[in-house]
2 protein chains.
Amino acid sequence: MKDAHSPACRTISSLLQRVGDKWTVLVVMSLGDGTKRFSELRREIPSVSQRMLTLTLRNLERDGLVSRTVTPTIPPRVDYELTEMGRSLREPVGSLADWALKHVDTIDRARERFDAEQDEAKAA
Amino acid sequence: MKDAHSPACRTISSLLQRVGDKWTVLVVMSLGDGTKRFSELRREIPSVSQRMLTLTLRNLERDGLVSRTVTPTIPPRVDYELTEMGRSLREPVGSLADWALKHVDTIDRARERFDAEQDEAKAA
DNA sequence: CTGTATCCCGGAAGATACTG
DNA sequence: CAGTATCTTCCGGGATACAG
């Protein structure tokens with residue numbers, strides 16, 4: 001990873017932007033347990049709007065990370081499930097999650113310290 | 001990670017949004033090699049604007065991931081370096097990078113296939 | 001129940017010019 | 001060289017209403 005603007009780094013960066021969007025990780029984690037219906041996902045992630053849940057799932061489906069199964073009953077039923085590739089994503093995301101949990105306190109303190117320094121600099 | 005809207009998941013999600021922003025990973029990777037000056041970073045990441053590089057570095061500094069050293073000569077010289085915590089971030093990011101490189105082709109094909117299906121659905 | 005279609009707003013980020 | 005300031009543009013995402 002010597003070359004920060006190499007195709008490889010761009011690839012990684014664009015993937016991180018996808019995974020790092022507002023809802024993707026929450027949906028992937030929620031689907032980690034197994035198949036879920038649309039309405040179940042909404043219940044488990046109360047803060048997501050209908051629109052954004054749909055868009056997030058569509059993008060995941062487009063990338064081959066989630067499969068979508070429609071049962072054309074009335075009312076209709078749609079089940080979402082991680083694909084094999086989707087499940088494999090949980091491992092590296094888990095590594096990052098572990099890192100986050102381990103360092104979140106340190107980061108919070110660093111931020112407070114930085115902001116405090118900014119304030120006293122402004123006061124001067 | 002049963003509960004998708006638990007504080008832990010929110011923490012992870014917010015970290016991913018930070019790491020997943022447009023420039024952070026490129027800067028962290030570029031600093032992986034060692035200390036770099038502002039102008040060196042600009043050269044290595046040609047697509048970043050001066051403004052966004054400054055903002056990205058400030059955020060990383062605020063989080064305690066990057067240290068900033070000013071040498072008040074004329075012209076001034078500023079060196080950036082990953083902190084210990086910043087270096088530790090490279091490992092989980094590397095895992096995600098490996099995943100990305102391994103699956104990028106599959107994802108690209110999945111997208112093409114999905115988009116093609118969308119088109120033919122629209123044609124009907 | 002599972003979407004799609006619109007409208008709208010705030011923040012992210014580019015371009016440009018200026019400063020110590 | 002290493003920023004800051006300002007203006008503007010663009011897009012993610014929320015709210016709402018409607019549809020199959």
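Given the structure is predicted, the values throughout are model-derived calculations rather than measurements. Chain naming here is simple, since letters A, B, ... match the order of the sequence lines and numbering starts at 1 in each.
Exactly one residue among A:L55, A:L53, A:V27 makes a side-chain contact (heavy atoms from CB on, under 4.5 Å) with A:V48. That residue is A:L53.
For the pair A:R18 CZ and D:dC11 P, the interatomic distance rounds to 17 Å; values are reported in whole Å. Atom pair B:M52:CE and C:dA12:C1' shows a separation of 7 Å (rounding to whole Å applied). Distance CG (B:L57) to P (D:dC1): 16 Å, rounded to an integer number of Å. When rounded to the nearest whole Å, the span between CG of B:L55 and C1' of D:dT6 equals 14 Å. At whole-Å resolution of the value, CG in B:D21 and C1' in D:dC11 are 16 Å apart. When the P atom of D:dG14 is taken as reference, atom CG of A:L53 falls 11 Å away, rounded to whole Å. The distance from atom CZ of A:F38 to atom C1' of D:dG20 is 15 Å, rounded to the nearest whole Å. In this structure, B:Q50 atom CD and D:dT6 atom C1' are separated by 14 Å, rounded to whole Å.
A close approach under 4.0 Å does not occur between any side-chain nitrogen or oxygen of A:S49 and OP1 or OP2 of D:dG13. Applying the 4.0 Å criterion to OP1 and OP2 of D:dA2, one finds that B:R37 has a side-chain N or O inside that range. The shortest distance between the side-chain N/O atoms of A:S39 and the OP1/OP2 oxygens of C:dT2 is below 4.0 Å. Between A:T54 and the phosphate of C:dT2, there is no side-chain N or O to OP1/OP2 separation shorter than 4.0 Å. The phosphate of C:dG3 has OP1 or OP2 within less than 4.0 Å of a side-chain N or O from A:R58. Between A:R68 and C:dG3, a side-chain N or O to OP1/OP2 separation shorter than 4.0 Å is present.
The neighbour count for B:R113 CZ, taken as heavy atoms of other residues, nucleotides or ligands under 6.0 Å away, does not exceed 12.
As judged by a 4.0 angstrom heavy-atom cut-off over every strand, A:R42 is placed among residues making no nucleic acid contact.
Nearest approach of A:V93 to A:V19, heavy atoms of both residues: CG2-CG1, 4.3 Å. When every heavy atom of A:P92 is checked against every heavy atom of B:L96, the shortest pair comes out as CB-CD1, 3.4 Å.
Between A:Y80 and A:Q17, it is A:Y80 whose nearest contact on DNA chain C lies nearer the 5' terminus. Comparing A:R51 and B:V70 along DNA chain D, the residue whose closest nucleotide (by nearest heavy atom) sits nearer the 5' end is B:V70. Between B:W23 and A:R77, the one whose closest nucleotide on DNA chain C sits nearer the 5' end is A:R77.
Between A:K36 and A:D79, none of the side-chain N atoms (NZ, or NE/NH1/NH2) sits under 4.0 Å from a carboxylate O, so this pair counts as no salt bridge.
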